[in-house]
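All chains are named by letter (A, B, ...) in the order of the sequence lines, taking the proteins before the strands, and each is independently numbered beginning at 1.
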Amino acid sequence: MIRVQNLVKRFGEVAAVDGVSFDVQAGEIFAFLGPNGAGKTTTIQMLTTLLRPTEGSITLDGLDPVSKPLDVRRRFGIVFQDPSLDSELTAAENMDLHGVLYHVPRRIRVERAETLLKLFELWDRRNSRVKEFSGGMRRRLEIARGLLHTPKILFLDEPTLGLDPQSRNLLWTHIKHLNETEGVTVFLTTHYMDEAERVARRIAIIDHGRIVAQGTPGELKQQTGSESLEQAFLALTGSTIRDEQADGSDQMRRMAKMWRR
Amino acid sequence: MAVIYILWLREVKKYLRSKPQVIASLGQPLMYLLVLGFGLGPIFQRAGQGNYLQFVAPGVIGMSILFSSIFSGVGLLWDRQFGFLKETLVAPVPRLQIMVGRTLGGATTALMQGTLILVICLIAGFRPYDLTALPLAFLFMVLIAIVFAALGTAIGSALKDMQGFQMVMNFLVMPIFFLSGALYPLTDLPMPLTIATHVDPLAYGIDGLRGAFSGESHFGALTDLAILGTVASCFLALGAWSFSRIQV
Ligand SMILES: Nc1ncnc2c1ncn2[C@@H]1O[C@H](COP(=O)(O)OP(=O)(O)OP(=O)(O)O)[C@@H](O)[C@H]1O
Ligand SMILES: [Mg+2]
């Protein structure tokens, strides 16, 4: 369903993604794990037509996101890591707008919005503007919105960021259900190893823009001789913290970003 | 169509919900209208140019449409900053539709703003010479709104953050305003200024508007319409191209 070969993305000299290859089968739940700044979000942005790769090739359902962006966009749904709601609009309006953008017929749109808002306990607040929501409520709305249409492939970039255990549990139960009943292929990232172990059939671990290991949770534990996925992760990626240094070159980059090429 | 409509509606809703901003944005045009209208009035009259309020009102209406349309395009920068832009960019919809919906929405809110200023002008004592010319005046307001909302979209797509916007304000929008003849007649200007006013699209908008309100036009209504129409098409194409190239 997704095939990535020697994918590279450079921002100036920094290679955020540095020669990544992997395959995701149709109907699979695939977890993409890695420390902060490893290149997970950048990879997802290239898969979802938001960034053009520097090198390498991608196919989604047999289509290239660079040459056929619109066809690719018809095939996936995404929950972003960063906020992407319109905070001036209400929860219901955000849902409705999404439904229109994804050509969900009105009747289904209304029905599904109600089901999802109830599921994520936002129904009572549906007519409040998003700017009045707490961080967790916004996050739940992002997820509910992402699930409004049923895509072939669902990208979840740290969907459980900032969510309480109840909501996390709810989300993964729902995702597993979607995967089993509708055959939706799921590509997810998370920093919670237990979540990855619980839902993912296969896992790729990325560090400094390169894939350091791939396999089922069992295989990764076996490879590293670890008891848990968390240990396996630490064994593969080391235990130092990845800091994002904001030095002179970083500032230059920000200046250059002001005017797009 | 549904996509264009919902994005248009989004802009209009946001405008109608931001009452404090609407009121704040009336401040500048009001100042021009009252301070200049009454302050320069006597000199203008002595120079044999008639009533300055009658003269400056169309200019102030054009100005408020110019500013609100450009600002609406810059709303793109906010949407980028707060992340909503991504949501529209990954949707299975041609970017052109997204751009058109946003731009028409921005033009509509600018038009509402301009209409509000027109009403204020009428209250302040401005009198169109002939009410049958109002539809023509309205057409010019629509054209000004579209021209600059499209330009705003082009600028908003090209800029990455708010810092660049200050430059655009100082080196593009303010000159467009000051060279448009909103505040002074276009006759008997020094050569360089004449040239500059002739390449300023707003000059044709304000001239058309003034022509419709007062019956006296510098370029002629047909020229104004033709030029504004052409510029609108060019800027829409530019905005669409610029928008289609956005990466996050
Ligand atoms: N627009 C950009 N310009 C320059 N560098 C960027 C840009 N986006 C990302 N990077 C850099 O690319 C690297 C990978 O970033 P990315 O966001 O893909 O990491 P991630 O794996 O998603 O991390 P996290 O777990 O923190 O979300 C980082 O070093 C980051 O600084
Ligand atoms: Mg990330």
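Residue contact with chain B, scored on non-hydrogen atoms closer than 4.5 Å, involves the side chain of A:His103 exclusively. Both the backbone and the side chain of A:Tyr102 come within less than 4.5 Å of a heavy atom in chain B. Interface residue A:Gln45: only side-chain heavy atoms are found under 4.5 Å from chain B. Only the backbone of A:Leu85 has a heavy atom closer than 4.5 Å to any heavy atom of chain B.
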Please determine whether side-chain contact (heavy atoms from CB on, under 4.5 Å) holds for the pair B:Phe84 and A:Leu89, giving the CA-CA distance in whole Å, both sets of side-chain angles, and the decisive distance to 0.1 Å. CA-CA 11 Å; B:Phe84 179 76; A:Leu89 297 183; 5.7 Å; no
Test side-chain contact (heavy atoms from CB on, under 4.5 Å) applied to B:Val90 and A:Phe76, step by step: CA-CA 9 Å; B:Val90 296; A:Phe76 70 81; 4.0 Å; yes
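No more than 12 heavy atoms of other residues, nucleotides or ligands sit less than 6.0 Å from atom CD of B:Gln21. Remark: B:Phe165 CZ is packed, more than 12 non-hydrogen atoms of other residues, nucleotides or ligands lying under 6.0 Å away. Atom CD of A:Glu121 has 12 or fewer heavy atoms from other residues, nucleotides or ligands within 6.0 Å.
Note: B:Thr88 OG1 to A:Leu97 CG = 8.5 Å, rounded to the nearest 0.5 Å. For the atom pair CH2 (B:Trp78) and CD (A:Glu88), the distance works out to 11.0 Å, reported to the nearest 0.5 Å.
Ranked by heavy-atom pairs shorter than 4.5 Å toward chain B, the options A:Ile78, A:Leu50, A:Thr49 are led by A:Leu50.
Among all heavy-atom pairs drawn from B:Arg245 and A:Arg52, the shortest one is O-NH2, 4.1 Å. Scanning both residues, A:Pro83 and B:Lys86, for their nearest heavy atoms gives O-NZ, 3.4 Å. Summarising the geometry of A:Leu101 relative to B:Pro92, their closest heavy-atom pair is O-CD, 3.6 Å, with the distance given to 0.1 Å.
Taking 4.0 Å as the cut-off between side-chain N and carboxylate O, B:Arg17 and A:Glu93 count as a salt-bridged pair.
Side-chain atoms of A:Asn94 and B:Glu87, non-hydrogen and from C-beta on, never get closer than 4.5 Å to each other.
Residues from residues 59-75 of chain A that place a non-hydrogen atom less than 4.5 Å from a non-hydrogen atom of chain B comprise A:Leu70, A:Arg73, A:Arg74, given in numerical order.
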